[in-house]
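The figures that follow rest on heavy atoms only: side chains count, while hydrogens, waters and symmetry mates do not. Quick caveat, the model's predicted, so the values are computed rather than measured.
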Amino acid sequence: MRRDDFSGSEFVVYTVVKRVGLTKQKLAKARASLDNSNPVKPIPVKSRPDLRFEYTYEIACSDESFRQSVGCHFELAKTEQEALIGDWQVQRSANGTQYTVFSAVDEPKKIVAKVAMRVMGISLPQSVKLHPIGAGIVNEAFIPVTPSVQLGERLGLPTEGYYYHFFNGRLIQEYKLLGDGKWLFYATRSTHEQLNDEQGCNRHQSAILVYWKIGGVEAKGQHLVYLKQQITRKELDSLNDEWLAKHGVLLEVKELLNASKQTESKLANRQVVQQVVEKKSSKVHTVIADINTHQRESWPEIAQQYGLSAKQLLDLNPRYHSNPMGLKVGDRLTVQLPTPNQTVGAVLCEAPLQKPSKYNQASHAFYACGGTFQGTSIKPITSRGVLNSELTVVNLSHASPLDIDDFHTKYR
């Protein structure tokens with residue numbers, strides 16, 4: 001017999017039989033025993049139910065921009081009849097990107113937004129409706145926006161504080177800015193019922209996802225708010241339209257969508273050469289005692305420390321003219337008078353292509369600036385690449401009622 005006449009296990013039996021000198025009859029018996037001890041079992045095939053229904057939602061930007069700026073994912077939650085569904089088919093649409101999944105069961109389902117396993121506040125509390133495959137109906141949609149604040153005639157990006165998304169008077173999501181000069185932010189663990197600004201998920205965002213339409217109806221009653229400090233329990237419990245209007249903006253979906261479609265301006269930014277003024281304040285010296293002699297410092301000793309003569313020091317402190325020896329430990333002497341404003345440099349600072357409005361195209365919001373907004377935690381938008389060009393920049397508040405050019409730009 002040849003090797004090809006046997007399966008792997010049969011060849012092993014044949015080899016053993018041959019070596020021990022068994023007859024052909026005994027070989028046949030051994031082969032039959034092997035077949036009975038290892039019966040061939042058919043591979044079970046679980047039939048898949050027919051997928052006859054679909055669900056589609058839409059995001060008002062490309063899939064790449066959505067992943068980079070927001071980074072959450074959606075899924076249809078598990079039900080008694082069907083497992084979780086999250087294998088989305090992605091397709092570009094006129095307004096952005098559509099995501100479609102297929103189901104075997106026509107039943108109400110919950111759409112849930114997550115970062116890893118953490119559920120986000122943008123998830124819808126009500127169930128969504130499925131449709132027959134091919135219907136192409138989109139009843140739920142979302143818009144990512146870049147939050148900003150206005151300083152004078154420019155927009156800037158806060159690096160400290162909190163953003164809030166409210167819908168129909170309830171907190172949808174709290175976001176905390178990273179700080180340390182970074183303008184990205186993360187979703188916290190806060191809910192409308194309980195405030196907790198600990199990081200809720202391991203994802204830093206540059207945009208906030210807001211509702212576009214729910215159940216086929218345009219979402220109204222949304223506010224975005226920027227606060228330097230976390231909202232208080234009292235403020236949240238007494239939330240009303242007046243407070244929301246004072247601290248944030250009411251979102252209009254149509255205007256949001258139209259802003260991102262504006263034709264990019266070809267005008268050059270207006271350059272402003274800004275003089276940076278420095279004013280030196282007066283300087284004082286506190287009289288101390290010598291550690292060895294325990295005597296107070298003398299007028300000449302103090303004057304020498306600041307490059308003055310004793311007479312010049314006395315003239316800076318005329319109240320001692322009548323009795324210079326009345327100087328005692330702890331007295332404060334003026335050793336330098338305030339100086340007039342002095343120009344210490346110049347900063348080239350552009351104005352943006354368009355003056356800030358409520359909704360701004362990202363390509364119109366940047367400006368070259370050789371300084372920082374002194375006294376604030378606001379980061380200038382100094383180049384086109386800082387912002388995602390697909391996303392509308394929403395102006396949430398005015399950081400200062402005064403013209404920022406007058407006092408906030410600091411020379412580097």
Can you check whether E193's main-chain N or O pairs, donor with acceptor, with R233's side chain at less than 3.5 Å? yes
With distance as the sole test, does T392 use its side chain to make a donor-acceptor pair with the main-chain N or O of Y359 at under 3.5 Å? no
Taking the ring centre of each residue, are Y211 and F167 less than 6.0 Å apart? yes
Donor-acceptor under 3.5 Å (S65 side chain, S62 main chain): no
Do S363 and Q361 have a side chain donor and acceptor closer than 3.5 Å? yes
Can you run down the ring pair (Phe, Tyr, Trp, His ring centres under 6.0 Å) pairs that involve residues 76-101, sequence neighbours left out, and say none if there aren't any? Y57-W88, Y57-Y99
Whether over 12 other heavy atoms sit under 6.0 Å from Q126 CD: yes
Under 6.0 Å from the six-membered ring centre of Y367 and within 45° of its axis: does the NZ or CZ of R154 meet both? yes
Can you tell me if K358 uses its side chain to pair, donor with acceptor, with the backbone of V249 under 3.5 Å? no
Under 3.5 Å: donor-acceptor pair, side chain of D180, backbone of K182: no
Can you tell me if T188 and E198 form a side-chain donor-acceptor pair at under 3.5 Å? no
Are the side chain of E75 and the backbone N or O of A77 linked by a donor-acceptor pair below 3.5 Å? no
If you round to the nearest 0.5 Å, how far is CD1 of I172 from OG1 of T191? 11.0 Å
Quick one: does N317's side chain have a donor or acceptor within less than 3.5 Å of a partner on T334's backbone? yes
Are any of the side-chain nitrogens in K109 or E107 under 4.0 Å away from the carboxylate oxygens of its partner? yes
Crowding at NZ, K379 (>12 non-hydrogen neighbours, <6.0 Å): no
Is the distance between the ring centroids of F185 and Y175 under 6.0 Å? yes
For the residue pair S397 and Q150, confirm or rule out a side-chain donor-acceptor distance under 3.5 Å. no
Without swapping roles, check the side chain of E140 against the backbone of G215 for a donor-acceptor pair under 3.5 Å. yes
Exam field: side chain Q205 to backbone A207, donor-acceptor pair closer than 3.5 Å: yes
Does the side chain of E174 pick up a donor-acceptor pair with the side chain of Q230 at under 3.5 Å? yes
Quick check: are there more than 12 heavy atoms from other residues, nucleotides or ligands sitting under 6.0 Å from CD of E64? no
For D290, the side chain to side chain contact (heavy atoms under 4.5 Å, CB included) test, sequence neighbours excluded, returns N292, T293
Do any N or O atoms from the side chain of D331 and from the backbone of L327 form a donor-acceptor pair under 3.5 angstrom? no
Determine whether the aromatic ring centres of Y306 and H285 lie less than 6.0 Å apart. yes
